[in-house]
Amino acid sequence: MSKIQAPKGTYDILPDGNPKDPWTVSANWQAIERIAREVAALYHFREIRTPIYEYTDLFHRGTGETTDIVRRETFTFTDRGGDSLTLRPEGTPGVVRAAVQHNLLADQGSRLKVFYIAPNFRYERPQRGRYHQHHQFGVEAFGIAQPEQDAECITLQMDFYRRCGVKDLSLRLNTLGDAESKKRYRDALVQFLEPRKSQLSEDSQRRLTENPLRILDSKDEKDVKAREGAPAAQEYLSEASQTHFARVQELLTQGSIPFVVDSTLVRGLDYYTNTVWEVIAGGLGAQNSMGGGGRYDNLVETLDGKPTPGVGFGSGLERLLIALEAQGVDLPKSSPPLVWLISLGDAARDANLKLIQELRQHNIPADMDPTGRSAKAQFKLADREGAAYAITVGETELSSGNVVLKNLKTTEQTAIARSEIVAHLQSLVTK
RNA sequence: GUGGGCGUAGCUCAAGCGGCAGAGCACCAGGCUGUGAUCCUGGUCCGUACGGGUUCGAGUCCCGUCGUUCACCCCA
């Protein structure tokens with residue numbers, strides 16, 4: 001197609017998008033964003049909005065130099081002043097940057113609980129459920145190192161899914177240990193795998209020096225085989241990390257949130273320490289990860305803040321909509337009843353232009369067609385646009401001082417005095 | 001970044017081995033000169049993503065590009 005089109009891997013959200021591609025339907029976004037805001041408020045997370053691009057360095061230092069996300073998936077460009085900027089590939093670094101920049105975590109005991117609904121950008125081969133621009137609902141909680149905060153984030157996330165109506169979910173949970181445990185384990189793993197280097201996949205041979213933990217969740221058969229008998233992270237956990245992880249599990253169990261511990265779960269972000277988790281949903285095909293998160297107790301200091309613990313998650317909204325569609329779940333669509341004004345003749349049209357203004361000022365959604373088409377065409381339009389009521393005005397009504405109100409669902413039609421129509425509709429619309 | 005499938009009206013899709021490009025929905029109008037959602041009739045809209053090639057002839061075969069999709073990779 002030579003006609004101009006949306007860039008590869010992006011899409012438009014339309015009033016009448018394709019229900020088979022639920023992420024293209026604007027009403028769906030309104031529904032899940034409303035639920036996200038409600039659930040965030042219930043857990044007392046407040047909204048934060050940060051720029052869609054940051055200085056490139058932030059993601060290199062935050063997300064991590066060796067992650068796939070930073071190594072090969074960023075949209076990076078130089079601005080006209082010569083600065084290197086990157087469209088954010090994930091939410092956490094920008095939030096940490098903002099918190100540090102505005103001294104929100106400067107005092108001992110500072111705490112901050114925030115959420116965002118925002119686009120992220122990753123340059124990957126696009127396919128259903130994986131786009132160059134995708135959207136996430138995420139939360140970050142700073143200042144509380146206790147496992148209770150991990151559990152609250154997980155609970156919030158699962159609550160969000162429950163309120164949206166997702167059925168087929170599974171929560172995978174793991175711990176990487178604190179920074180020292182993680183390092184000890186990393187060294188042990190390298191020691192184990194180094195002699196087997198030649199048996200590893202090409203990617204994993206590189207990871208061995210750059211990011212050895214990632215070899216654990218490789219699906220490549222060679223890697224699965226080569227890592228047989230590898231030491232488990234659990235064996236290298238500090239006492240504190242062990243009790244932390246045990247308490248997180250205890251809290252989830254108490255909260256009746258089912259989970260499975262999966263020691264191969266590593267996640268693709270360098271900054272995680274201790275708890276990490278991921279939620280898988282049915283109906284998503286290969287792109288089955290709906291959201292994930294973890295604790296990052298060293299990230300704030302990495303980004304020049306005072307040492308402050310943090311934990312949070314990001315959840316893909318396109319994938320949520322795809323899962324809901326695949327599972328046959330309907331989102332609640334709230335639209336207030338629409339009133340359609342039908343005019344027969346120019347004088348009636350002018351009268352209706354006054355009436356429509358009055359209705360709108362009384363918070364009654366109203367619309368009309370001013371093109372002077374037949375009554376039939378105007379009713380047809382009212383029906384197509386989903387109006388609940390039609391008001392007809394013609395010569396007869398103008399001289400009698402009435403309007404004709406029709407309930408388009410029941411087809412009931414009655415004459416009502418023009419002077420009473422607004423109050424009458426208000427009582428119909430508000431009940 | 002790797003490998004495969006697909007790309008025909010606004011939408012969903014049809015056109016055995018290459019042989020005059022169609023349907024349903026949608027949209028407009030009329031039947032009903034002031035009544036939709038039902039029904040009937042008529043009409044509008046595409047020339048097959050784009051570019052090239054083979055052929056008397058290409059939607060159909062070949063090559064390239066673009067887009068999309070599936071798997072890998074990665075992750076949301």
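Labels below follow one simple rule: chain letters A, B, ... track the order of the sequence lines, proteins then strands, and each chain is numbered from 1.
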Taking atom types as they are modelled, is there a donor-acceptor pair under 3.5 Å from the base of U35(B) to the side chain of K376(A)? no

Ignoring backbone atoms, establish whether R130(A) has a side-chain N or O less than 4.0 Å from OP1 or OP2 of C70(B). no

Quick one: look up who C25(B) pairs with, Watson-Crick or G-U, both distances under 3.5 Å, and put none if it's unpaired. G10(B)

Salt bridge or not between E358(A) and R418(A)? Use side-chain N to carboxylate O under 4.0 Å. yes

Go through C74(B), G36(B), U69(B) for me and flag the one nearest to the K380(A) side chain. G36(B)

pair_partner(A71(B)), Watson-Crick or wobble, both distances < 3.5 Å, evaluates to U2(B)

Rounded to whole angstrom, note down the C1' distance from C70(B) over to C74(B). 16 Å

Does a donor on one side chain sit under 3.5 Å from an acceptor on the other, for H244(A) and D178(A)? no

Spell out yes or no: do the side chain of R122(A) and the base of A76(B) have one donor N/O and one acceptor N/O closer than 3.5 Å? yes

Using only modelled atom types and a 3.5 angstrom limit, is any donor from either the side chain of Q287(A) or the base of A71(B) paired with an acceptor on the other? no

Checking ring pair (Phe, Tyr, Trp, His ring centres under 6.0 Å) for the pair W277(A)/F259(A): CA distance, chi angles, key distance, verdict? CA-CA 9 Å; W277(A) 70 90; F259(A) 63 91; over 10 Å; no

Face-to-face stacking of H134(A) with A76(B), centres under 5.5 angstrom, angle under 30°: yes

Side chain of W23(A) (C-beta onward), nearest among G30(B), G67(B), U69(B): U69(B)

Ring centroid separation F121(A) to H134(A) under 6.0 Å: no

Tell me whether the OP1 or OP2 atom of C75(B) has a side-chain N or O from N288(A) closer than 4.0 Å. no

Look at the side chain of R319(A) against the base of C75(B) and say whether a donor-acceptor pair falls under 3.5 Å; ignore hydrogens and angles. yes

Polar pair under 3.5 Å, donor/acceptor by atom type, side chain R128(A), base U68(B): no

C39(B) - base-pair partner by Watson-Crick or wobble geometry, distances under 3.5 Å: G31(B)

For C20(B), give the paired nucleotide (Watson-Crick: N1-N3 plus N6-O4 or O6-N4; G-U: N1-O2 and O6-N3; both under 3.5 Å), or none. none

What's the base orientation of G47(B): syn (chi within 90° of 0) or anti? syn

Pair partner, C50(B) [Watson-Crick or wobble, under 3.5 Å]: G64(B)

Before accepting this row, confirm whether a basic side-chain N of the pair K380(A)/D383(A) lies closer than 4.0 Å to the acidic partner's carboxylate O. no

Would you indicate what T411(A) reaches in the nucleic acid, counting non-hydrogen atoms under 4.0 angstrom: base, sugar-phosphate, or nothing? base

Is it true that D223(A) and R227(A) make a salt bridge, defined as a side-chain N closer than 4.0 Å to a carboxylate O? no

Sticking with atom C1', work out how far C25(B) lies from C45(B), rounded to a whole angstrom. 14 Å

Check whether any side-chain nitrogen or oxygen of R384(A) sits under 4.0 Å from OP1 or OP2 of C28(B), and answer yes or no. yes

Can you tell me, in whole Å, how much space there is between the C1' of C63(B) and that of U55(B)? 16 Å

Please state whether the base of U35(B) and the side chain of Q378(A) form at least one donor-acceptor pair under 3.5 Å? no

Within the structure, does a side-chain N or O atom of Q127(A) lie under 4.0 Å from either OP1 or OP2 of A71(B)? yes

Any N/O donor-acceptor pair, R71(A) side-chain to G1(B) base, under 3.5 Å: no

Does U69(B) have its OP1 or OP2 closer than 4.0 Å to a side-chain nitrogen or oxygen of Y131(A)? yes

Could you measure between the two C1' atoms, the one in U60(B) and the one in A15(B), and give it in whole Å? 10 Å

R125(A) side-chain N/O to U69(B) phosphate OP1/OP2 under 4.0 Å: no

